[in-house]
Amino acid sequence: MDVNTMTMTAYYNGEFMPRDQIRLSPDDRGFLFADGIYEVVRCYNGDFFRMRQHLERLARGLRELRISGVDAAVVGDVCVELVNRNKPTPPDLLVYVQVTRGVAPRAHPFPKGDVTPTVYATLMPYTAKGNAAEGVSVITTPDIRWARCDVKSIALLPNCLANQTARDAGATEAIFVRDGVALEGTATSFFGVFDGVVRTAPTSNYILPGITRAAVLETCETERVPVEVGPMFAHELPAADELFLVGTTVEVMPIVRLDGCPVASGQPGPVTQHLGEVFGRLTRRQ
């Protein structure tokens with residue numbers, strides 16, 4: 001089955017149905033206020049990569065937004081059933097899950113009384129964002145996002161604007177810089193290598209706790225690659241030995257150009273390549 005087609009089965013508010021039959025209420029707070037969260041889970045040959053961690057992050061996001069009435073474990077079961085109902089599926093795909101506060105009259109305060117959250121899940125084809133053998137180009141951009149980037153909110157307009165700026169510049173990704181510190185990409189985590197030490201900014205309210213980010217940090221530990229979790233200042237980046245992106249949709253992706261200039265030799269670096277190879281073996285085991 002081509003998961004691009006609109007006849008595929010999706011999940012919406014307790015029912016599995018053809019995706020082209022799903023109708024969203026114009027009073028849904030996700031539509032009106034971006035009042036909701038989402039998750040994207042990679043599925044390799046029918047097996048989900050770190051589903052438990054994705055569901056834990058989903059549950060945390062629901063708590064932070066004070067959305068009740070959704071069991072993250074049930075959402076996990078929905079994802080499994082969704083893949084089963086759409087077989088045969090491509091060997092590599094993404095499952096997208098979105099939860100909003102639900103349908104209520106438009107008003108900024110949370111609606112009074114019982115409001116049923118809107119839960120939507122669908123499959124998407126995986127499309128590689130760049131070639132790890134060649135690497136990608138990125139730009140830096142001021143961080144104009146809100147102060148709760150640790151919540152995987154559907155309010156992604158600043159990310160979209162920054163990503164489009166990168167595309168207009170012929171780059172794949174934009175790296176947000178706040179107070180001189182390079183934090184993360186519009187849809188990725190950001191790492192550097194300085195004198196053989198892998199460095200990435202610490203998680204905070206300005207950084208999403210990435211599932212792949214955590215897996216790569218674990219890989220560094222098992223492979224005995226030195227790691228420093230601390231700020232990477234924008235002025236340091238041109239001197240980096242290597243830079244790379246990490247995320248569900250890029251895995252481990254070397255950065256070979258930053259703001260139009262080569263990163264070191266302009267080729268994927270050995271540390272990044274090694275981590276990418278080990279991560280690839282990890283996903284195949286999963």
Side-chain angles (χ1 to χ4, degrees), residues 3 6 8-43 48-86 93-124 126 145-160 186-187 203 205 207-212 214 247-249:
V3 293
M6 296 304 292
M8 66 167 292
T9 298
Y11 175 87
Y12 183 69
N13 287 348
E15 295 185 52
F16 292 93
M17 63 178 69
R19 188 166 63 184
D20 60 356
Q21 293 183 14
I22 293 175
R23 298 293 181 266
L24 178 70
S25 169
D27 292 323
D28 192 287
R29 287 179 62 93
F31 174 71
L32 295 173
F33 293 116
D35 186 358
I37 59 173
Y38 75 101
E39 284 290 331
V40 181
V41 186
R42 190 79 172 269
C43 189
F48 296 103
F49 182 71
R50 301 212 164 186
M51 174 64 87
R52 178 179 61 81
Q53 289 89 335
H54 279 282
L55 295 178
E56 289 173 351
R57 188 171 64 182
L58 178 73
R60 177 182 179 274
L62 292 170
R63 291 193 300 270
E64 292 296 314
L65 269 60
R66 294 160 62 185
I67 295 176
S68 59
V70 177
D71 186 337
V74 173
V75 173
D77 294 338
V78 165
C79 293
V80 173
E81 181 64 18
L82 194 60
V83 172
N84 289 335
R85 286 178 180 247
N86 283 283
L93 55 84
L94 303 170
V95 179
Y96 178 84
V97 177
Q98 178 170 305
V99 181
T100 76
R101 197 174 305 278
V103 177
R106 189 186 188 282
H108 284 71
F110 295 165
K112 296 180 179 179
D114 293 332
V115 175
T116 302
T118 298
V119 181
Y120 169 66
T122 189
L123 304 183
M124 299 186 298
Y126 170 72
R145 301 171 299 168
W146 72 322
R148 288 305 309 275
C149 301
D150 57 309
V151 176
K152 201 168 177 65
S153 165
I154 61 176
L156 292 173
L157 182 57
N159 302 62
C160 294
T186 66
T203 54
N205 58 301
I207 288 182
L208 181 74
I211 306 303
T212 309
T248 296
T249 58

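Predicted model, so just to flag it, every value in this text is computed and none were measured.
- Side chains of V115 and V103 form no contact here, defined as non-hydrogen atoms less than 4.5 Å apart.
- When all heavy atoms of C43 and V83 are compared, the pair lying nearest together is SG-CG2, 4.5 Å.
- A distance of 9.0 Å separates CZ in R145 from CG in L208, rounded to the nearest 0.5 Å.
- You'll find the side chain of D20 stays beyond 4.5 Å of the side chain of M8, heavy atoms only.
- Here the closest heavy-atom approach between residue R85 and residue T9 is recorded as CD-CG2, 4.3 Å.
- To the nearest 0.5 Å, atom NE2 of residue H54 and atom OG1 of residue T212 are 6.0 Å apart.
- Side-chain contact between R63 and S68: absent, with no pair of heavy atoms (C-beta onward) separated by less than 4.5 Å.
- A salt bridge between R60 and D150 is present, with a side-chain N of the basic residue lying under 4.0 Å from a carboxylate O of the acidic one.
- Seen from the ring of Y126, R42 counts as a face-on cation partner, given the 6.0 Å and 45° thresholds.
- Within 6.0 Å of atom CG in D77, more than 12 heavy atoms from other residues, nucleotides or ligands are found, so the atom counts as buried in its surroundings.
- Note that CG of N205 and CZ of R148 are 7.0 Å apart. Values are rounded to the nearest 0.5 Å.
- Separation of atoms CD1 (I211) and CE (M51) is listed at 11.0 Å; rounding is to 0.5 Å.
- Centroid-to-centroid, the aromatic rings of H108 and F33 come within less than 6.0 Å.
- Minimum interatomic distance between I37 and G61 (heavy atoms only, all atoms of both residues): CD1-C, 3.7 Å.
- One distance of note links SG of C79 with CG of N84; it measures 11.5 Å at 0.5 Å rounding.
- Two residues are said to be in side-chain contact when any heavy atoms from C-beta on lie closer than 4.5 Å; I22 and Y120 meet this criterion.
- V119 has its side chain within reach of Y11: a pair of non-hydrogen atoms, C-beta onward, lies under 4.5 Å apart.
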Run the side chain to side chain donor-acceptor pair (under 3.5 Å) check on T100 and D35 step by step: do they pass? CA-CA 6 Å; T100 76; D35 186 358; over 6 Å; no

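- A salt bridge is absent between E39 and K152: the closest approach of a Lys/Arg side-chain nitrogen to an acidic carboxylate oxygen does not fall below 4.0 angstrom.
- Across all non-hydrogen atoms, the minimal contact from R50 to A214 is NH1-C, 4.5 Å.
- Between Q98 and I154 the shortest side-chain heavy-atom distance falls below 4.5 Å.
- Closest of all the heavy-atom pairs between G210 and R57 is CA-NH1, 3.6 Å.
- For the pair R66 and F110, the cation-pi test (distance below 6.0 Å, angle within 45°) is failed.
- The side chain to side chain contact (heavy atoms under 4.5 Å, CB included) with L94 is formed by just one residue from the set V41, L123, T249; it is T249.
- Here the side chains of P117 and V99 are in contact, with some heavy-atom distance below 4.5 Å.
- Side-chain atoms of L24 and Y12, non-hydrogen and from C-beta on, do get closer than 4.5 Å to each other.
- For Y96 and Y38, the ring centers sit closer than 6.0 Å to each other.
- A pairwise comparison of heavy atoms in P109 and R29 identifies O-NH1, 3.3 Å as the closest pair.
- Surrounding CZ of F31 are at most 12 heavy atoms belonging to other residues, nucleotides or ligands under 6.0 Å away.
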